Amino acid sequence: MPGGRWLAGPRKDEPVPRLTASRLTKSFDGATAVDAVSFSIPDGAFLALLGPSGCGKTTLLRMIAGLEVPDAGTLAFDGTIVAGPGVLLPPEARRLGMVFQSYALWPNMSVRGNIEFGLKVQKLSAEARRRRIAEVLEVVGLTGLEARRPHELSGGQRQRVALARSLAMRPGLILLDEPLANLDAHLRETMLAEFRRIHSASGATFVFVTHDQEEAMAVATHVAVMSRGRLEQVGTPEELYRRPASEMVARFIGRGRTLAVEVLASGEGRCRINLAGTVLAFEGSAPVGPGWLCLHASDLAARGEGGHLRGRVLNQIFQHGAFMTQLVPIGIDVETISLALPERVAPGALVEIALRGGWVIARDAAPSAGLAARYLHA
Amino acid sequence: MALATTGGGLGGSLGGGERVLAGLTAAYVLFTTFWPLAELFSAALAPGEDGTVLGVMRETLASRATGRALWGSLATSGLSVLISAGLGIALAFAVSLFRLRSRAILTFLILMPLIVPSQTMALAWIELFGAGSPLLAPLGLAPAAGTTNPLYSAGGIALVMGVEHMPLVFIATRAALRTLPADLIEAARILGIPPHRIGAGIILPVILPSAVAGGLLAFTAAIGNFGVPALLGIPGRVSVLTTLIYQRLNGFGPAAAGQVAVLAMLMTAIAAGALILRGLVLARLAVPLPAGRPFEPTRRAPLVETVLWLVVLAISIAPLVALVMTALLPAIGVPFGLERVSLDPFSRVLANDAVRRAFANSLFLAVGCALVSVIVAVPFAYLTRHHRTLLVRAIDVAVEAPWVVPGTVVALGMILAFLPPLPLVGISLYGTMAILMVAYLARFLPLVLRPVTAAAAAIDPALDEAGRIVGAGLLRRLGVLFLPGVLPAAVAGAILVVMTAVNELTLSALLWSSGHETIGVMVFALQYEGSSTAAAAVAVLSAAMVFAICALATLLARWLPQGMLPWRD
């Protein structure tokens, strides 16, 4: 879609976002798969759609591709509506790239044939096609395997062919549907690095569906967390980790814990809270009233005496060079919290815990629409 | 991107081409299938002569002839299915689970009862078990001269139909066994489960729904079988529905249309019951299998192989040998002896203009029908995979009807729909080749469609979606991405159509006219007139032609995609 951006007449100071969804909705047989999802990402972003299975992330991706028809809402590429009231651009005309979970390599064609098919559809000359194929095979590191059939390739190689097939079309937007689900852990890491490299080399916008937050955090510039069809939050990996917008995000990302607190005062990005009788101050913008204190293991530290919390040791596992310890806190209503301790402690022992950091959000708060829909700069 | 503003409404404009395809298919099915069957139903539901509601139906159902024929159909078919299922499942297991040296030829011989036309098979069994049996008489096993052939009985009909339809169960079971992932069996072997327990406890439950589905197919085939009960039951005075319809229509002409339409409805109801049951079995009991490396048998079993040879010798080879030997004798009743062998019967029938015309007609009808069916089936199978709208699903069910209902029913529908002149053009199709062709197209489309939709169902839908993503239009995706995946199935289906249609009797027995005879009609007419030797000669020639088609296909198999010929594996 080169050109589309300029036709849309963007203002100089605010580039038109590459991809904008507003209140996209889709149900299957009465069950809402995607529920009024709105977001927008800039050109060149790498967006991960993250969520547990069945949260609607694949349906959202397929609506972006044009493979599913939204029930309501609009979708725009570069400011041009591709799906909305009275408008529906079929996938054939959206000029994007897509890597399927199954890779969807055409079994009757060689590696070359798979890449070349789309180029033939675009009526590129034989010479141009030859150059493109050589170029993308170079990018994905498969030079020399042009004549192979898909069944003669390893899983990682098939993945690369699928990517090369998309890249050859030089789309502005490439969609990846759980592309690493069928690969082993080692290959997954290699391919993640490859995705990052190819993303920056191609300059295209990537949208990547995954249920694995490690994957999402490692590769994406933006992460959109989905739950039960709704978009919980869109943000950079750090934002999601440090400033979750909802309880779901706080608990989902980085194995976070949420503690019920009372917000006593709020202002200038900080909140004074009451945590089981102790008054503390943390970052956050929750209004006065019930709130959640969002924590990660790294926010907690054991202290000899005078901690903010006390907990009884439930069990310990040795992980990443420290004893990851599960504690049952005393005096607050939460099952367990975890923190790293340097040494082994007998089960049942009392540990004093100091809170070194945290983030306060409102309790019973629906995902903040303002934050989720906010236009995000890279 | 200017396109963006010209799309249809939300949820509207995806798949415009698909809708056109679906509309064309619907029109085709409406003409070839829906209209004739609707005419049949309206004839059956007509009021009686005295104007009573459903009078024709009440009268016919109350008659004793109907009751006898209904019982005859159910008894012979039920018994025949037991034979088909027992033989078919056992043979499929033996062929799939053991490593056999002669698997290809054995598979072919097992399928032979289906490949050889019904009326030829019936003739062959008659000759095998007759008093003058060229095989059994020298052994002293033939019935005494002057006694009736033991096959002229309900049991005889069941036996011959059971063997004839056995391949339906065999094919269904074998197909399920071929998709059986090897790791299911390997996992059981690693747990130390003995082979017979693996067969009964793991493989059988997985393939049973397919086998039962095959058995129900064999049942509907038996209910609708005309050739076997016509040749065995009419002399044996065993009445079944197909022969009753034939006799009534021959005896009373169009005046009997209402009555026979009711009989046809009765058969349709039985067949529909079996079809619904089959659908339930496949939908409720079938276990979705994980994709995996298919099981490759490694166990050699010389004993199993010997037993298999004995079985095919008895069910496939012996009857045909008896038939050939009969065809080589100058007249019926002459004992077989090398000095009496002559090729005269063959030269006589080949010199006959009507016989030669019948061969030309049957070949033309069969090949034409196969080609058209492939052209219709491939795009439609695409729709069933990628565009499963209500209309497509309705067509998917409707096209099965002419194959599932007995051929006699289809033929009757054709007469009722196409005897009056066609609207707009004002020409009647009755008495022309066209009515035979339309009947064949309706009846044999499922033979192509079923394997093609099955192959389509196995295709990852993402293959087509990936084509859309790179911008390929519907026709391109159909031709370049979809067709290669279903081509083996389409070719296999087309070959099946040619082989079935070229020797078809049930439809043409009611639809033929002078100058438009088929091979099946020729054989039946000759045997009916008492020229057994000539009938045997034509039957042998037609069987030889089918074998020639098989051989040709086998030769071509090297250049065609793998897995297209059921007997080559």
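Letters A, B, ... mirror the listed sequences (proteins, then strands); counts begin at 1. These figures come from a predicted structure and were not determined experimentally.
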- prompt: For chain B, which residues from residues 120-138 of chain A have at least one heavy atom closer than 4.5 Å to it?
  reply: A:Lys120, A:Val121

field: Atom group of A:Met98 that falls short of 4.5 Å from chain B, counting heavy atoms
entry: both

query: Does any non-hydrogen side-chain atom of A:Pro107 lie less than 4.5 Å from one of B:Leu463?
result: yes

- prompt: Under 4.5 Å between any side-chain heavy atoms of B:Glu465 and A:Pro91, yes or no?
  reply: no

Residue, of A:Ala65, A:Gly97, A:Ser166, A:Ala104, that accumulates the most heavy atom pairs under 4.5 Å with chain B: A:Ala104

message: Let me confirm one number: the CD1-CD1 distance from B:Ile469 to A:Ile174, rounded to the nearest 0.5 Å.
response: 11.0 Å

- prompt: Are any non-hydrogen side-chain atoms of A:Trp106 and B:Val480 less than 4.5 angstrom apart?
  reply: no

task: Please say whether more than 12 non-hydrogen atoms of neighbouring residues, nucleotides or ligands are located less than 6.0 Å from CG in B:Leu191.
output: yes

- prompt: Hey, is CZ on B:Arg393 packed in by over 12 heavy atoms from elsewhere, all under 6.0 Å?
  reply: yes

- prompt: So does B:Arg189 have more than 12 non-hydrogen atoms from other groups sitting under 6.0 Å from CZ?
  reply: no

query: Considering only heavy atoms, which portion of A:Leu175 lies under 4.5 Å from any heavy atom of chain B: side chain, backbone, both, or neither?
result: neither

query: Hey, does B:Leu481 have a side-chain heavy atom less than 4.5 Å from the side chain of A:Phe117?
result: yes

task: Can you sort out the partners of B:Arg477 under salt bridge (charged side-chain N to carboxylate O under 4.0 Å, His left out), two or more places apart, ordered by chain and number?
output: A:Glu92, B:Glu18, B:Asp464

query: Most heavy-atom pairs under 4.5 angstrom with chain B, which of A:Arg62, A:Gln101, A:Met109?
result: A:Arg62

